[in-house]
Novice: 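Here you go, one structure.
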Amino acid sequence: MSEKTHDEETRSEVYAELAALGPYGVHPGHALITMVEPHPGHEYAYNRWYEDDHFIAGAMAMPWMFSGRRWVATRDLQLLRYPEKSAVAQPVTAGCYLSTYWITQGRYADHMRWTVGINKRLNRDARVCHDRTHVFTAFQDHETTVYRDGAVGPRDFHALDHPYKGLVLQVIDAESPEARAELLEWLSTRHLPERLAGSPAAMVTVFHPTPLPGDRMTYVKQVEGVDVRLTLLWFLEADPRDRWEAHFAGLEEEVGEVGLGRVELVAPFVPTVPGTDLYVDRLR
């Protein structure tokens with residue numbers, strides 16, 4: 001047996017071991033949520049690089065990342081965002097592309113070791129677009145999912161594959177680390193069920209961010225607010241512009257009234273159309 005063949009056989013055995021051990025459920029126990037701003041003049045190049053290469057080689061081809069979807073905020077959608085003074089985005093309109101990915105529950109550490117390794121390799125091979133700024137990028141742990149229609153309809157593990165027409169990213173910071181559990185309880189049992197009733201949103205997934213590893217890529221800043229922050233993804237069956245005022249314009253006030261935290265971002269998006277540059281000319 002040649003050395004090359006022996007190495008290949010060894011690698012195959014390692015893969016077999018990884019598949020035979022550990023969690024392998026279908027639930028999104030973790031997520032990667034990344035909001036990015038391409039630098040002015042590089043919008044088309046960024047879109048093609050991310051969609052034609054990075055979405056696959058830097059994400060979907062990795063172990064335990066089982067679903068992904070890209071979203072975009074055209075200028076009119078950016079102008080719907082609030083609050084104006086946001087701890088997430090400065091200015092609040094920054095970050096016109098959003099990518100969301102589900103990771104198998106219990107496989108975050110395994111996936112993270114792979115993603116750090118592959119991104120170092122991609123960077124070394126000049127397959128990373130540096131003409132962009134990470135506005136809000138974090139791996140997140142799943143807290144809960146609240147459904148509008150109970151047991152009817154797609155589940156959260158379907159959410160990134162189902163043809164939803166829009167998404168709203170909401171970021172809330174609790175008053176303290178101790179208050180985050182109380183905020184989550186209020187959201188999941190009172191606020192979200194009431195808000196979802198009769199709304200265009202079929203579900204809301206709730207996550208909390210986790211720190212990035214020390215050996216992360218240097219162009220991605222360390223995650224802020226890991227002890228107090230909650231990240232909500234509202235999956236919409238209608239374009240967010242159609243019913244924005246009725247269903248999403250007052251989220252900041254409602255959270256503030258109960259005194260459990262502060263809304264740091266409410267940002268609507270629509271899905272990109274893979275293989276096209278649709279919307280790229282409407283970002284500025």
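Below, each value reflects all heavy atoms present in this structure, side chains not excepted, and no hydrogens, waters or symmetry copies.
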Novice: Parallel, tilted or perpendicular: which describes the rings of Phe55 and Tyr101, with under 30° parallel and over 60° perpendicular?
Specialist: tilted
Novice: Can Arg81 and Gln78 be counted as having a side-chain donor-acceptor contact under 3.5 angstrom?
Specialist: no
Novice: Between Asp239 and Arg241, is a salt bridge (Lys or Arg N to Asp or Glu O under 4.0 Å) present by the stated rule, with each step listed?
Specialist: CA-CA 5 Å; Asp239 188 305; Arg241 288 164 287 212; 2.8 Å; yes
Novice: Establish, yes or no, whether the cationic atom of Arg155 lies under 6.0 Å from the six-membered ring centre of Tyr147 and within 45° of the ring axis.
Specialist: yes
Novice: For the ring pair Trp234 and Tyr164, is the centre-to-centre distance below 6.0 Å?
Specialist: no
Novice: Salt bridge between Arg190 and Glu182, side-chain N to carboxylate O under 4.0 Å?
Specialist: no
Novice: Is the number of heavy atoms from other residues, nucleotides or ligands within 6.0 Å of OH (Tyr44) greater than 12?
Specialist: yes
Novice: For the pair Tyr97 and Tyr50, evaluate ring pair (Phe, Tyr, Trp, His ring centres under 6.0 Å) and give the outcome as yes or no after the intermediate values.
Specialist: CA-CA 10 Å; Tyr97 280 104; Tyr50 198 98; 8.1 Å; no
Novice: Taking side chain as C-beta onward, heavy atoms only, is Leu251 less than 4.5 Å from Ile172?
Specialist: no
Novice: Once you round to the nearest 0.5 Å, how far does CG of Leu233 lie from OG1 of Thr205?
Specialist: 4.0 Å
Novice: Looking only at the side chains, is there a donor atom on one of Asp161 and Ser67 sitting less than 3.5 Å from an acceptor on the other?
Specialist: yes
Novice: Check whether more than 12 heavy atoms from other residues, nucleotides or ligands sit under 6.0 Å from atom CD of Glu84, and answer yes or no.
Specialist: no
Novice: Does any donor atom in the side chain of Gln105 or His27 lie under 3.5 Å from an acceptor atom in the other side chain?
Specialist: no
